[in-house]
Structure formats: C-alpha cells, structure tokens
A.B. asks: 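Shown below is the structure under consideration.
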Number of protein chains: 2
Amino acid sequence: MASNAVMEETLQVLKDHKLRVTPQRHIILAYLVSHHNHPTVETIRDALSKELPNIGASTIYNTLNTFVDHHLVVELQNGDGSTHYDYFGSPHYHAICTNCGRIVDVTYPGFSETEKSLEEKTAEISGYMISGNHMEVYGLCPECQIKLGIKKND
Amino acid sequence: MASNAVMEETLQVLKDHKLRVTPQRHIILAYLVSHHNHPTVETIRDALSKELPNIGASTIYNTLNTFVDHHLVVELQNGDGSTHYDYFGSPHYHAICTNCGRIVDVTYPGFSETEKSLEEKTAEISGYMISGNHMEVYGLCPECQIKLGIKKND
DNA sequence: CCTTACATTGGAATGGTTCTCATTTGTTAT
DNA sequence: ATAACAAATGAGAACCATTCCAATGTAAGG
Ligand SMILES: [Mn+2]
Ligand SMILES: [Mn+2]
Ligand SMILES: [Zn+2]
Ligand SMILES: [Zn+2]
C-alpha cells in the first residue's frame, strides 16, 4: 500500500490539476507514484484488488487516459500487445528489451538539454508547435544477454 | 504505380536481405519506398487494390512484420488506434500532430550524432545491448494551429 | 522439371480498449 | 447541512486492429 506521504502528495496533484478526487483516481495515482514497474491495466487491477475489489476495467482506462491528457502519466508499448503506463514525476526515457519486454528508466546529466535541443530543431524545421517528445532505446537487457548466451565485445 | 527504378531497387533490397521475392512483398515494398505518407495496413490495401485486388489483410501484416524484423520498415503510432508503417531508407525521426495525427519526417545535420550519443549513454547506464531507438516529437502541425486559431508567439 | 520449404489466402478467433447507460458520488452553491 | 448538478463508476456489450489456422499456391535450388 502507498505511504501516507504519497497519499498526501497525490491528493495535492489531483487538486492542482483540478481533477475530481475519487478513491479510484487517488489510489491508482498513488500506486503509479510508488511503483516504477511500468504496469499494464491488468497489472494495476491485480495489484489493487485488495483496495478496490470491484473496480471496472473501464474505470482504470478512463483514469489513466485522463492522467495522460494531463501529462501526469505516459504510455509505453513494449511489443506485448498491451499499453504500459508510467507516472512521469521526473524527466527520463526508457530502454526496452526486444526479447522480454522489460522497460527500465534512464536519464543522465544533460539529457534535458538534448531533449530541448531536439524540440527546438523540430519546431524550426517542421513548423509544429511542440508540446512534448518521446525517446526510446531498444536492445537486449542484461538478463536476456546472458539467457541468450550473447557476448558483449567480441 | 512505382517507377521502374523503384522496382529494381526494391528487388535488390529483398535479395540483399535474403527474403523470398513474391509479388506481394515486392509491390508493398515498392509502395513504401515511393510513398512517405506513413500508411496503415488499410491505406496500403486500398492503394494497391488495382495491383493486388485479392491480397489478404494478414499478408500485409505478415509482410510488414517481416520488413520490421529486417529493419527495413519502422512502426509508428499516432493515436488513431492503428499502426502506421514507414520505409526507413534514410535516418530520420517524426513530428506527430496531437490534433490530426499527421506524421512528418524530420532530420537535421548532426542528428545521427545525437542518436549515437543517446544509444551510447543508454548502453553505459542500463547495461542493455542497444539495437536501435525511436525519437518522436509531438505538437500541433501548422494546419491545425491555424484551424484552432492558435498564435505562435504571443 | 521436381521438390519442398516457405508464403499467401480468407475466415475465424483473439484480446485490448472503448462504448453505453443506469447508478453512484464529488463538488459547489444555497 | 442540504440540494442540485455534473462527473465518475462499473458491468457488460461492442468494436476493431491484429493474429492464428488450415488449405492452397509458389519461389528457388538442384
Ligand atoms: Mn519510466
Ligand atoms: Mn518517416
Ligand atoms: Zn530482456
Ligand atoms: Zn494537425
């Protein structure tokens, strides 16, 4: 279960975004804030089965779509057919395993400059009024490298 | 219809990748090489209805998935629910309109360095063995800016 | 030309996501 | 506190992009 501090924080986030505070929204957001596992709707439903035993799948979809609209949450695909969700509290991007689908967070000093530069150049060239970006990197996670018997430098 | 030169080029591409040369593959690849409209499976099916009146949807999916596996083609989502496909002849990324879904190609001098740097840093930090990346930028296309009556600098 | 491994076909199945609508609930104003 | 209204919820049905399957067709090598 989410800590008291997380519950306070998420309550404030909902209020800041002028979103109606329902138990479902509060609990889902608290779950996302305290878990960086990039869950699917099913994963969330299972994880919250104690706190919200009767929640409908549509409510989870509605809630997550609302969070996405408010840029609280981002959507990710890893090739397994379902959408993964991620609370976007601090800027980062993702490395996605092409073998097992594992998604890990990545950032580095200077990443936000890279981002900003990409957006500025894109605006200049395309004429789009930029509102955001997604960067993803694909490859084999360390575990799959071992599992598949692949040598790094050879 | 695709030009003679395109047909020769795509034939060679298929051979280079040791892909069996079927009319369906050849025509689909030629279509993608000569159109940068980021089509869906339905778009492709409609566009090729003269040349391939009896092609099955599963054949188009199979073909495109094969091309994706061989890194000839990349998949894109623009939020309309279906996957868009793009022949990836030269390195570029995409600006996607959040209002109408329009996808345009972008590149700039130094882009490949940005890409390479992102991949190297990701490998270092995550331990993944990198095989590729996707970068996308979101915003309003020029047409939608006008349609929605949005001023750029104000 | 024969062989065979692989590709195509079309229809059915799948499954993630959205839709519908009756009911409940949160919020704001009185 | 209460009332009134808009918005959210949840169960199930509907949707539809994509995959699966078994039968048929065909490209490519010998
Ligand atoms: Mn993340
Ligand atoms: Mn493109
Ligand atoms: Zn993996
Ligand atoms: Zn647009």
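Quick note on labels: first sequence line is chain A, next is B, and so on, each numbered from 1.
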A.B. asks: Nearest to the T22(A) side chain among dT8(C), dG26(C), dG11(C), which nucleotide is it?
C.D. replies: dG26(C)
A.B. asks: Taking only the side-chain nitrogens and oxygens of Q24(A), find out if one of them lies under 4.0 Å from OP1 or OP2 of dG10(D).
C.D. replies: yes
A.B. asks: Does any pair with a residue in residues 39-87 of chain B pass ring-ring contact (aromatic ring centres under 6.0 Å, His included), and if so which ones, sequence neighbours excluded?
C.D. replies: H17(B)-H70(B)
A.B. asks: Considering only heavy atoms from C-beta outward, does the side chain of C97(A) approach that of C144(A) to under 4.5 Å?
C.D. replies: yes
A.B. asks: Rounded off to whole Å, could you give me the CD1-to-C1' distance for the I60(A) and dG16(C) pair?
C.D. replies: 13 Å
A.B. asks: Nearest heavy atom decides the nucleotide; on that basis, is T63(A) or P23(B) closer to the 5' end of DNA chain D?
C.D. replies: T63(A)
A.B. asks: Output all residues satisfying salt bridge (Lys or Arg N to Asp or Glu O under 4.0 Å) with E42(A), sequence neighbours left out; order by chain, then residue number.
C.D. replies: R45(A)
A.B. asks: Can you list, pair by pair, the side-chain donor-acceptor contacts under 3.5 Å of residues 4-11 of chain A, counting residues two or more places apart and other chains?
C.D. replies:
residue: T10(A); atom: OG1; partner: V6(A); partner atom: O; Å: 2.8
residue: T10(A); atom: OG1; partner: M7(A); partner atom: O; Å: 3.0
residue: T10(A); atom: OG1; partner: H26(A); partner atom: NE2; Å: 3.1

A.B. asks: Residues two or more places apart in sequence or in another chain: which of them pass side chain to side chain contact (heavy atoms under 4.5 Å, CB included) with L148(B)?
C.D. replies: N99(B), L140(B), I150(B)
A.B. asks: What integer distance in Å separates R45(A):CZ from dT17(C):P?
C.D. replies: 13 Å
A.B. asks: Find the distance N62(A):CG to dT25(C):P and express it as a whole number of Å.
C.D. replies: 17 Å
A.B. asks: Per the ring-ring contact (aromatic ring centres under 6.0 Å, His included) rule, what does the pair list look like for residues 89-126 of chain B, sequence neighbours excluded?
C.D. replies: H38(B)-H94(B), F88(B)-H92(B), H92(B)-H94(B), Y93(B)-F111(B), Y108(B)-F111(B)
A.B. asks: Identify each atom pair where a protein N or O and an N or O of nucleotides 14-17 of chain D are less than 3.5 Å apart, giving names and distance.
C.D. replies:
none

A.B. asks: I'd like to check the salt bridge (Lys or Arg N to Asp or Glu O under 4.0 Å) partners of E143(B); sequence neighbours left out, ordered by chain and number.
C.D. replies: R102(B)
A.B. asks: Using links of under 4.5 Å between side-chain heavy atoms of ILVMFWY residues, direct or through other members, which residues join L76(B) in one cluster?
C.D. replies: I96(B), I103(B), Y138(B)
A.B. asks: List, with names and distances, any nitrogen or oxygen atoms from the protein found under 3.5 Å away from nitrogen or oxygen atoms belonging to nucleotides 2-6 of chain C.
C.D. replies:
residue: dC6(C); atom: O4'; partner: R20(B); partner atom: NH1; Å: 2.7
residue: dC6(C); atom: O2; partner: R20(B); partner atom: NH2; Å: 3.0

A.B. asks: Can you measure L14(A) atom CG to dA7(D) atom C1' for me and round it to whole angstrom units?
C.D. replies: 14 Å
A.B. asks: So, under a plain 3.5 Å distance rule, would you say the side chain of T59(B) forms a donor-acceptor pair with the base of dA7(C)?
C.D. replies: no
A.B. asks: Apply salt bridge (Lys or Arg N to Asp or Glu O under 4.0 Å) to E120(A) and list each qualifying residue two or more places apart in sequence or on a separate chain.
C.D. replies: none
A.B. asks: With DNA chain D as reference, determine whether N54(A) or T66(A) sits nearer its 5' end, using the nearest nucleotide of each.
C.D. replies: T66(A)
A.B. asks: Check the distance between dA8(D)'s P and I27(A)'s CD1 and give it to me in whole angstrom.
C.D. replies: 17 Å
A.B. asks: Rounded to whole Å, please give me the gap between CG in L64(B) and C1' in dA7(C).
C.D. replies: 14 Å
A.B. asks: Between the opening five pairs and the closing five pairs of the helix from dC1(C)-dG30(D) to dT30(C)-dA1(D), how far apart are the helix axes, to 10°?
C.D. replies: 50°
A.B. asks: Rounded to the Å, how far apart are K15(A) NZ and dG26(C) C1'?
C.D. replies: 12 Å
A.B. asks: With Q77(B), which residues qualify under side chain to side chain contact (heavy atoms under 4.5 Å, CB included), at least two apart?
C.D. replies: T83(B)
A.B. asks: Measure the distance from CD1 on I55(B) to C1' on dG25(D) and round it to the nearest whole Å.
C.D. replies: 14 Å
A.B. asks: Regarding T40(B) and T43(B), do their side chains bring together a donor and an acceptor under 3.5 Å, going by distance alone?
C.D. replies: yes
